[in-house]
Amino acid sequence: MTQSRIGQWSSRWLFILAATGSAVGLGNIWKFPYITGENGGGMFVLMYLGLILVIGIPVLMAEIMLGRRGGQSPVKSLEVVAQESGQPKTWGWLGFAGILTAFFLLSIYSVIAGWSASYVFRAFSGAFAGLDAQQIVMMYDSFIANPKQLMLWHTVFMGVTALIVSRGLQNGVETAIQILVPGLFIILLILVGYSITTPGFKEGVVFLFKPDFSMITASSFLLALGQAFFTLSIATASMLIYGAYLAKNASIFKAGCSIAVLDTLSALLAGLAIFPIVYTYGLLPDEGVGLVFKTLPLAFGEMPYGRMFGGLFFLLLVFAALGSSISMVEPIVAWVTQRWNIVRVKASWLVAGLIWLVGVGSVLSFNVWQDYRLFGRWNYYELLDDLVFMLLLPLGGLLIAIFAGWFMKRQFSFAELEMPPALYSLWRFSIRFLAPIAVIVLVIVTFM
Ligand code: TRP
């Protein structure tokens, strides 16, 4: 451990802000509300909260801890930590797996983020006004059927991400995050403020918070587990690299809890902003993937000041997605600069360019390549989506937990986490038993 660390946040607050920016993303504003809508509301929320607490926070802490202990780019960090505990350097592959996951995830994430960016302009310009449900759906269908449009927004989104990351940790990432994260919470509060005044508010709150115990099923439980991992940005090397930049004297326990609380708060606020509107305009909460792009625009088209509220809503999505995309590029760029000795600016554009290229396939999957099936089953987008969500993310989470719990020496994790012994034991119990068992069950059931 002679090598110096590769970077440091200007303050621990900026670490929390950046990690929150990573955690709060499309998963919170787009996915959480729609899977909650499809899985009965309150009961799902309750399971999700429990899983965040019992498994999400411990694994998040583990990943930050591994990053800080190593203090290098993701692959190297894991090598350093493994060797310190007398384990083979091959654990570095786990860092590389995280990098690959981030790479593929961002290639599809950017496409959806691009849709959101396009909808910002539609909303502000009043494009939803006076349209009926069918016309809104048509607008969406014709948009995603247009490869040029999708390509444009995918390109813009990746370009902005590259620009930010290329400017460095302090000038780029920190500066952007200080605008994006407070900005997104302010927008959320404005939207919730509006929601409170709508007649559907009570119904929305009841839907979101009233647990209906008949809704506990194995599949909703597993969905909640996957969401808990995804929303905390676990297993994509993001927390490894953000942890590597964290000062040695900062408490990982406090940071982990703050990140999880802010992340959960944003998801709940998004739900509070969305469901009352859905009920006020007599729409359905369980429209799935289309909730944000097909259901909400209808309401924005009707409500007073709908242009403004609609525009703000999609801007919120873009802000959230940007904070996340930065944190997916950063670990890869850190690895490329350290491993290949390339300067950051070049590395950023190179990495973003490659991700963009892989993303082009996803853009085309919604139109030109829609019916082009790989292995007779998936189209390109679906293949990457399943690869990331069914394989890479759960496996990455599992291996991080197993490495931190079973292979890293207890004395090192104890020293790094600096928690009261009782809390530390709880953390260790979760990391060694609860998290691995939960993920293994998740994987088995997924493939059954
Ligand atoms: N947490 C992000 C969200 O909720 C998604 C995500 C998963 C992510 N892994 C990540 C974002 C890694 C950035 C980096 O949308």
Side-chain angles (χ1 to χ4, degrees), residues 15 17-36 48 51-52 56-57 59-60 63-64 67 74 95 97-113 115-116 157-158 161 164-165 173 176-177 180-181 184 188 223-245 256 259-271 289 292 316-335 351-352 355 384-385 387-397 400:
F15 163 74
L17 213 56
T20 302
S22 171
V24 179
L26 296 175
N28 302 55
I29 318 290
W30 173 58
K31 195 161 185 196
F32 174 79
Y34 90 70
I35 55 178
T36 300
Y48 168 79
L51 287 167
I52 293 267
I57 295 180
V59 180
L60 173 65
E63 192 168 340
I64 297 172
I99 284 178
L100 272 187
T101 311
F103 186 92
F104 287 120
L105 176 57
L106 184 52
S107 82
I108 53 182
Y109 203 83
S110 165
V111 177
I112 313 286
W115 297 0
S116 315
F157 187 79
M158 282 313 300
T161 304
I164 293 170
V165 175
V173 178
I177 234 63
L180 295 174
V181 179
L184 79 86
L188 264 174
L223 211 57
L225 178 64
Q227 175 68 4
F229 272 126
F230 179 69
T231 193
L232 292 176
S233 301
I234 289 166
T236 47
S238 304
M239 293 301 172
L240 282 178
I241 193 68
Y242 279 11
Y245 299 149
I259 296 161
V261 166
L262 288 170
D263 180 72
T264 304
L265 188 69
S266 75
L268 293 178
L269 287 175
V289 183
V292 157
L316 164 69
L317 271 180
V318 172
F319 274 26
L322 253 184
S324 297
S325 69
I326 292 170
S327 78
M328 286 186 250
V329 171
E330 182 62 30
I332 313 179
V333 165
W335 175 71
V351 168
I355 293 173
L384 284 186
D385 195 79
L387 177 74
V388 168
F389 284 91
M390 291 170 73
L391 206 63
L392 293 176
L393 284 176
L395 221 57
I400 283 172

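All values derive from a computational prediction rather than experimental measurement. Every number for a ligand or one of its atoms is a count from 1 in the order of the listing. Values below: every heavy atom of this structure, side chains too, minus hydrogens, waters and symmetry copies.
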Report yes if the distance between the aromatic ring centroids of F157 and Y109 is under 6.0 Å, otherwise no.
-> no
Answer yes or no: is there a side-chain heavy-atom contact under 4.5 Å between T236 and L393?
-> yes
Sequence neighbours excluded and cut-off under 3.5 Å, please list the side-chain donor-acceptor pairs for residues 316-323, or say none.
none

Can you name the residues that come within less than 4.0 Å of ligand 1, going by heavy atoms only?
-> S22, A23, G25, L26, G27, N28, L105, Y109, F230, T231, S233, T236, S238, S324, S327, M328
Note, V24 side chain near L262 side chain (heavy atom, < 4.5 Å) = no
Taking all heavy atoms of S22 and all of S327, pick out the closest pair and write down the distance.
-> OG-OG, 2.8 Å
Sub-3.5 Å donor-acceptor pair from the side chain of Q227 to the main-chain atoms of G27, do we have one?
-> yes
